Amino acid sequence: MDPATYTDPQLTVADRLVIDALCSDPRSDGESKPESSAPKLSAEETAQKIHNMNDASHPDFDPMVFQLWDTPVLRATLPESVQRYVLDPYMKWARGIARFQTDVVMVTHLLLYFTTIVPSGLYLFYNFTWLHGVLHWAMQLFYCGAFTLLRHQHIHMNGVLAPKYWIFDTLFPYLLDPMLGHTWNSYYYHHIKHHHVEGNGAHDLSTTMFYDRDNGFDFACYVGRFFFFIWAELPLYFWKKGQISNACRAGFWELSDYASIYLLYNYVNARATLFVLLLPLLVMRCGLMVGNWGQHAFVDPSDPDSDYLSSITLIDVPSNRFSFNDGYHTSHHLNPRRHWRDHPEAFMKQKDRYAAEKALVFRNVDYIFITVHLLRKNYLHLAKCLIPIGDQVHMTLDERAEMLRRRTRRFPHPSAKKQL
């Protein structure tokens with residue numbers, strides 16, 4: 001498989017439209033034959049087509065029901081009776097519950113969690129067995145990525161359910177967050193109140209700027225700092241900013257979660273606490289930093305504060321189909337309130353601006369494997385995954401690889417400059 005030409009058949013409909021518009025010779029497999037003889041859509045036509053899919057009043061409206069299958073696939077494969085008596089009634093009901101009518105999948109996920117991982121976790125505290133514990137943890141690992149990005153939507157858009165369901169919308173994270181690796185409200189305070197304020201800049205506690213992003217030791221220090229010290233550093237950050245209320249709240253919720261785990265482990269059921277709460281927390285803390293390293297690995301020294309030059313865009317199956325378009329990370333930083341379904345349209349409308357700003361767009365690689373390839377110093381592979389735009393079109397593969405390498409060099413720390 002050549003990552004420069006391969007188009008994964010599991011791409012979302014929107015991602016396929018974006019790939020077709022960006023690439024002069026799109027492929028459906030690794031072969032040289034074009035996937036379709038249909039006329040190529042312009043950027044404007046592509047953006048309009050994606051917009052129609054998100055417009056509940058348009059005939060082409062296409063809500064997402066399940067992450068694994070697009071709605072047209074369900075229409076083409078399910079028996080008519082199943083569509084009429086199961087799928088259509090469910091979609092109608094869920095569209096009335098979701099905050100946005102495109103987001104039937106959010107309701108699907110909440111139903112999935114509350115009928116599987118919640119009763120499973122509770123039963124482990126009642127009657128623990130090692131086999132059940134291991135299977136429960138495996139289920140948590142399978143769920144945690146999508147749940148994290150569901151929560152990402154939740155904290156950015158003030159919920160995922162319609163306003164009349166605000167009580168449940170407000171309370172469900174207090175049950176699901178610990179079971180899927182998050183401490184209470186820490187994602188909100190770190191991501192909304194901190195990360196998007198600092199934007200991977202010098203004062204961002206999770207910034208990649210002061211590390212060589214292809215160095216294994218630097219990566220271990222980066223993960224270790226967050227893993228062991230974020231509980232203290234985040235409240236201290238708010239305190240230094242004069243945000244005393246945020247400092248107290250961030251510290252309270254983080255430490256109260258730790259205290260709950262301690263009490264359950266020592267006085268209720270240690271083995272159940274290990275599999276239901278502690279292992280998910282340890283894995284999630286590592287996973288968040290592995291992902292953030294890949295999201296902000298390429299920072300251009302010419303303008304490190306630019307959202308175009310400190311984050312990237314991925315046209316990729318795991319990042320977009322299973323993580324609610326998380327691959328459009330530049331678009332998200334440009335407008336953190338933008339709905340996840342609107343990122344592909346916004347990207348196509350601003351495609352020329354992305355090119356002029358020397359932004360990076362990749363295909364066939366997700367954030368985790370960007371981190372893996374960087375730590376292996378496999379810049380040629382990453383260069384093959386790069387979709388060249390703007391001046392990048394005229395670069396050779398080696399020049400693209402060197403450009404990527406240059407964007408992973410550490411920046412001098414401000415404290416070091418002061419000492420000089």
Side-chain angles (χ1 to χ4, degrees), residues 2-8 11-27 34-35 39-51 200 213 294-317 319-320 325-335 338 342-367 369-370 373-374 378-408:
D2 182 358
T5 57
Y6 178 79
T7 299
D8 196 307
L11 288 179
T12 64
V13 175
D15 273 8
R16 274 192 160 273
L17 291 169
V18 170
I19 282 287
D20 289 350
L22 285 181
C23 302
S24 59
D25 187 18
R27 315 276 199 251
E35 69 172 353
K40 186 180 177 69
L41 298 177
S42 67
E44 294 77 14
E45 291 170 329
T46 300
Q48 185 61 51
K49 190 165 186 177
I50 296 172
H51 176 81
N200 198 56
R213 272 80 75 190
Q295 288 173 336
H296 295 286
F298 304 103
V299 184
D300 196 312
S302 66
D303 189 3
D305 294 324
S306 167
D307 289 324
Y308 293 100
L309 299 177
S310 64
S311 58
I312 60 177
T313 299
L314 305 184
I315 314 298
D316 176 74
V317 172
S319 301
N320 294 329
N325 282 340
D326 191 43
Y328 292 90
H329 205 63
T330 301
S331 174
H332 175 60
H333 270 271
L334 289 171
N335 182 359
R338 184 175 286 141
D342 295 334
H343 287 308
E345 177 190 353
F347 172 77
M348 290 309 304
K349 287 182 174 179
Q350 296 178 285
K351 180 173 68 73
D352 292 341
R353 178 71 184 275
Y354 276 69
E357 296 284 350
K358 301 180 181 179
L360 299 178
V361 182
F362 294 89
R363 66 191 299 187
N364 294 316
V365 64
D366 67 7
Y367 296 121
F369 277 96
I370 283 180
H373 286 298
L374 283 173
N378 195 355
Y379 285 99
L380 277 177
H381 181 83
L382 291 171
K384 290 178 181 178
C385 295
L386 186 70
I387 301 176
I389 57 177
D391 294 341
Q392 300 161 9
V393 172
H394 306 294
M395 293 181 178
T396 65
L397 186 65
D398 288 337
E399 287 172 337
R400 293 172 195 165
E402 184 55 37
M403 179 262 295
L404 296 177
R405 186 191 307 272
R406 180 176 61 85
R407 292 197 187 188
T408 64

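For the numbers below, each heavy atom of this structure counts, side chains included, while hydrogens, waters and symmetry mates do not. For clarity, every value in this text was computed on a predicted model and none was experimentally measured.
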Peer 1: Considering all heavy atoms of both residues, which atom of Pro388 and which atom of Val393 are nearest to each other, and what is their separation?
Peer 2: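 Heavy atoms of Pro388 and Val393 come nearest at O-CG2, 3.6 Å.
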
Peer 1: Regarding Gln295 and Asn200, do their side chains bring together a donor and an acceptor under 3.5 Å, going by distance alone?
Peer 2: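 Distance-only check fails for Gln295 and Asn200.
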
Peer 1: Considering non-hydrogen atoms only, spot the tightest contact between Arg400 and Ala383 and give its length.
Peer 2: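 Minimum heavy-atom separation between Arg400 and Ala383: CB-CB, 4.0 Å.
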
Peer 1: Mind checking what makes side chain to side chain contact (heavy atoms under 4.5 Å, CB included) contact with Leu41, not counting sequence neighbours?
Peer 2: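 Partners of Leu41 by the side chain to side chain contact (heavy atoms under 4.5 Å, CB included) criterion, ordered by chain and then number, come out as Leu17, Glu45, Thr46, Lys49.
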
Peer 1: Between Arg406 and Asp300, is the closest basic N to carboxylate O distance under 4.0 Å?
Peer 2: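 Looking at Arg406 together with Asp300, the answer is yes, because their closest N to O distance falls below 4.0 Å.
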
Peer 1: Arg363 side chain to Ile19 main-chain N or O, any donor-acceptor pair under 3.5 Å?
Peer 2: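 Side chain of Arg363 to backbone of Ile19, a donor-acceptor pair under 3.5 Å: no, none is there.
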
Peer 1: Are the side chain of Asn364 and the backbone N or O of Pro3 linked by a donor-acceptor pair below 3.5 Å?
Peer 2: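 Checked: pair present.
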
Peer 1: Mind checking whether Pro304 and Ser310 have side chains closer than 4.5 Å, heavy atoms only?
Peer 2: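 SC-SC contact between Pro304 and Ser310 ruled out.
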
Peer 1: Taking the side chain as every heavy atom from C-beta outward, state whether Leu309 and Val299 have any atom pair closer than 4.5 Å.
Peer 2: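 No, too far: nothing below the 4.5 Å cut-off.
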
Peer 1: Is it true that Thr7 and Arg16 share a donor-acceptor pair across their side chains at a distance under 3.5 Å?
Peer 2: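 Note: Arg16 and Thr7 side chains miss the donor-acceptor criterion.
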
Peer 1: Would you please indicate if the ring centroids of Tyr367 and Phe362 are separated by under 6.0 Å?
Peer 2: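 No: the rings miss the under 6.0 Å criterion.
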
Peer 1: Kindly say whether Arg407 contributes a backbone atom to a donor-acceptor pair with the side chain of Arg213 at under 3.5 angstrom?
Peer 2: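 Flag set: sc Arg213 to bb Arg407 pair under 3.5 Å.
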
Peer 1: Closer than 3.5 angstrom, by distance alone: can the side chain of Asp15 be matched with the main-chain N or O of Asn320 as a donor-acceptor pair?
Peer 2: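 Flag not set: sc Asp15 to bb Asn320 has no pair under 3.5 Å.
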
Peer 1: With no hydrogens and no angle check, do the side chains of Tyr379 and Thr408 hold a donor and an acceptor under 3.5 Å apart?
Peer 2: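 Tyr379 vs Thr408: donor-acceptor pair found between side chains.
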
Peer 1: Mind checking salt bridge (charged side-chain N to carboxylate O under 4.0 Å, His left out) for Asp342 and listing every partner two or more places apart, or none if nothing turns up?
Peer 2: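 Asp342 satisfies salt bridge (charged side-chain N to carboxylate O under 4.0 Å, His left out) with no other residue.
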
Peer 1: Report the residues that fulfil salt bridge (charged side-chain N to carboxylate O under 4.0 Å, His left out) with Arg405, sequence neighbours left out, ordered by chain and then residue number.
Peer 2: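 Once residues adjacent in sequence are excluded, the partners of Arg405 under the salt bridge (charged side-chain N to carboxylate O under 4.0 Å, His left out) criterion are Glu402.
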
Peer 1: Do His332 and His343 make a side-chain contact, defined as non-hydrogen atoms from C-beta onward lying under 4.5 Å apart?
Peer 2: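 They are in side-chain contact.
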
Peer 1: Determine the minimum heavy-atom distance between Ala297 and Leu374, stating which atoms define it.
Peer 2: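 Taking Ala297 first and Leu374 second, the nearest heavy atoms are CB-CD1, 3.3 Å.
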
Peer 1: Check whether any side-chain N or O of Glu357 sits under 3.5 Å from a backbone N or O of Tyr354 as a donor-acceptor pair, and report yes or no.
Peer 2: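 Side chain of Glu357 to backbone of Tyr354: no pair is present.
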
Peer 1: Under a 4.5 Å cut-off applied to non-hydrogen side-chain atoms, are Leu360 and Leu404 in contact?
Peer 2: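 Contact flag for Leu360/Leu404 side chains = yes.
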
Peer 1: So, for His296 and His333, is the gap between ring centers shorter than 6.0 Å?
Peer 2: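 Yes; His333 has its ring centre under 6.0 Å from that of His296.
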
Peer 1: Do Tyr328 and Ile315 have side chains that get closer than 4.5 Å, going by heavy atoms?
Peer 2: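 Yes. Closest side-chain heavy atoms under 4.5 Å.
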
Peer 1: Do Leu22 and Lys351 make a side-chain contact, defined as non-hydrogen atoms from C-beta onward lying under 4.5 Å apart?
Peer 2: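 Yes; the side chains approach each other to less than 4.5 Å.
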
Peer 1: Does the Lys40 side chain pair with the main chain of Asp20, one donor and one acceptor, at a distance under 3.5 Å?
Peer 2: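 At least one qualifying donor-acceptor pair exists.
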
